[in-house]
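See below for the structure under consideration.
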Amino acid sequence: MIILASHGVRQELQTLFRVFLDAYFLLANVCSDPGFLAVYFRTDEPERLKLLNAAAQQEHELFAAINEYNTEAVRTSLGQRIREEAIQTFNSYAYAKNVGCEHVYDSMYRLSSPSVHSGPRCLANYIQTDEEGNVMKVLHRGDIETVHRALYDTEWFMLKALSGVCELFAVSGLERITEFETALEVAMVRHENPNFCLPTDIKPAGSVPLA
């Protein structure tokens, strides 16, 4: 994926990063509130009702088996239970806000969304159009800066997630994570400033995996 992205196929990196942020918000909530896990699992009930309602509208043979079970009584009962128990739907923004990450949602998350939904904005780096929106030229070129930024952002959030897991389960590894965080920052600074010299009081992380 990295090789493809460096040669022009970059939107997949944005898609994966958006999906990763969804998981990051969930993990941050679990680390902050042990009761969140039960809330998260129950979000599948509204999603299940949505699928059942959609299937009920279909007469295609693809839905024949599910609709043998999918009676109006089943859907009504499920909907009533969702209302009575105030079961929440999956809400990434709410999960981000719970852990003080709404600024991440309104920036990185939203900017990555067109790549997930194949919105026109994700084509901005691949085509040139005239004033009427007609495609005049297709561009295919690498953008190593975009690749570097996507990898840096993913690694930064991954290290924060690992820190939360270590604290949640009281396991060792925080010191090594701090070393990796320092190494990541140093690598980014060196990338932006090739003449940068590593301070003597900073110990770069090695290649030994976390214990």
Side-chain angles (χ1 to χ4, degrees), residues 1-2 5 10-51 82 85-119 121-122 145-189 191-192 202-211:
M1 183 64 69
I2 296 174
R10 300 184 299 279
Q11 293 306 313
E12 284 73 8
L13 279 179
Q14 296 296 327
T15 298
L16 290 174
F17 182 62
R18 219 296 291 267
V19 173
F20 171 78
L21 284 178
D22 268 323
Y24 178 82
F25 298 148
L26 292 173
L27 182 59
N29 275 270
V30 171
C31 291
S32 301
D33 177 13
F36 173 78
L37 198 57
V39 174
Y40 165 63
F41 284 142
R42 284 160 64 85
T43 63
D44 188 60
E45 294 300 284
E47 185 63 25
R48 178 167 167 253
L49 180 59
K50 184 189 299 184
L51 293 172
I82 290 172
E85 299 179 15
I87 298 176
Q88 302 174 17
T89 58
F90 187 96
N91 189 328
S92 282
Y93 179 77
Y95 303 152
K97 188 175 182 179
N98 286 346
V99 292
C101 286
E102 58 266 45
H103 62 292
V104 176
Y105 185 99
D106 282 334
S107 56
M108 295 177 176
Y109 188 92
R110 289 190 185 279
L111 291 173
S112 300
S113 291
S115 299
V116 175
H117 302 297
S118 300
R121 184 180 293 271
C122 72
E145 289 300 321
T146 298
V147 175
H148 285 168
R149 176 54 61 182
L151 292 177
Y152 170 84
D153 290 341
T154 302
E155 291 169 20
W156 191 92
F157 282 104
M158 178 64 75
L159 291 172
K160 295 301 180 184
L162 287 174
S163 295
V165 171
C166 287
E167 293 180 4
L168 178 64
F169 294 102
V171 297
S172 61
L174 287 175
E175 182 176 346
R176 293 291 292 143
I177 292 174
T178 300
E179 292 179 3
F180 280 119
E181 289 175 338
T182 300
L184 179 63
E185 296 302 324
V186 169
M188 178 55 72
V189 172
H191 171 69
E192 296 175 346
I202 294 182
K203 178 182 178 183
S207 57
V208 181
L210 292 175

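These figures come from a predicted structure and were not determined experimentally.
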request  = Could you go through the side chain to side chain contact (heavy atoms under 4.5 Å, CB included) check for Met158 and Tyr24 one step at a time?
outcome  = CA-CA 8 Å; Met158 178 64 75; Tyr24 178 82; over 6 Å; no
task = Please lay out, stage by stage, how Phe180 and Glu155 fare under the test side chain to side chain contact (heavy atoms under 4.5 Å, CB included).
result = CA-CA 10 Å; Phe180 280 119; Glu155 291 169 20; over 6 Å; no
Out of curiosity, [X] [atom1] to [Y] [atom2], how far, rounded to the nearest 0.5 Å?
X: Ser112; Y: His117; atom1: OG; atom2: NE2; answer: 10.5 Å
X: Thr154; Y: Tyr152; atom1: OG1; atom2: OH; answer: 11.5 Å
X: Ser163; Y: Leu168; atom1: OG; atom2: CG; answer: 12.5 Å

ask   = Do Arg18 and Ser115 have side-chain N/O donor and acceptor atoms under 3.5 Å apart?
value =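 Arg18 vs Ser115: no donor-acceptor pair found between side chains.
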query = Can you name the one residue among Val171, Leu27, Val30, Ile177 that meets side chain to side chain contact (heavy atoms under 4.5 Å, CB included) with Val165?
reply =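 It is Leu27; the other options fail the test.
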ask   = Between Glu45 and Glu85, is a side chain to side chain contact (heavy atoms under 4.5 Å, CB included) present by the stated rule, with each step listed?
value = CA-CA 11 Å; Glu45 294 300 284; Glu85 299 179 15; over 6 Å; no
Any idea which heavy atoms bring [X] and [Y] closest together, and the distance?
X: Cys166; Y: Leu174; answer: CB-CD2, 3.8 Å
X: Lys160; Y: Glu181; answer: NZ-OE2, 3.4 Å
X: His103; Y: Ser107; answer: O-OG, 2.6 Å
X: Phe25; Y: Cys101; answer: CE2-CB, 3.9 Å

query = Are Lys50 and Glu47 within salt-bridge range, i.e. N to O under 4.0 Å?
reply =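 Glu47 and Lys50: salt-bridged.
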ask   = Should the pair Arg48-Asp44 be classified as a salt bridge under the 4.0 Å nitrogen-to-oxygen rule?
value = no
request  = Measure up the Phe17 and Phe157 rings against each other and bin them: parallel (under 30°), tilted (30 to 60°), perpendicular (over 60°).
outcome  =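 The rings of Phe17 and Phe157 sit tilted, inter-plane angle from 30° to 60°.
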inquiry  = Taking the ring of Tyr93 and the ring of Tyr109, is the distance between their centroids below 6.0 Å?
reply    = no
key: Working for side chain to side chain contact (heavy atoms under 4.5 Å, CB included), residues Met188 and Leu184   = CA-CA 6 Å; Met188 178 55 72; Leu184 179 63; 5.9 Å; no
ask   = Should Tyr40 and Tyr95 be marked as a ring-ring contact (aromatic ring centres under 6.0 Å, His included) after you check the CA-CA gap, both sets of side-chain angles, and the distance that decides it?
value = CA-CA 10 Å; Tyr40 165 63; Tyr95 303 152; 7.2 Å; no
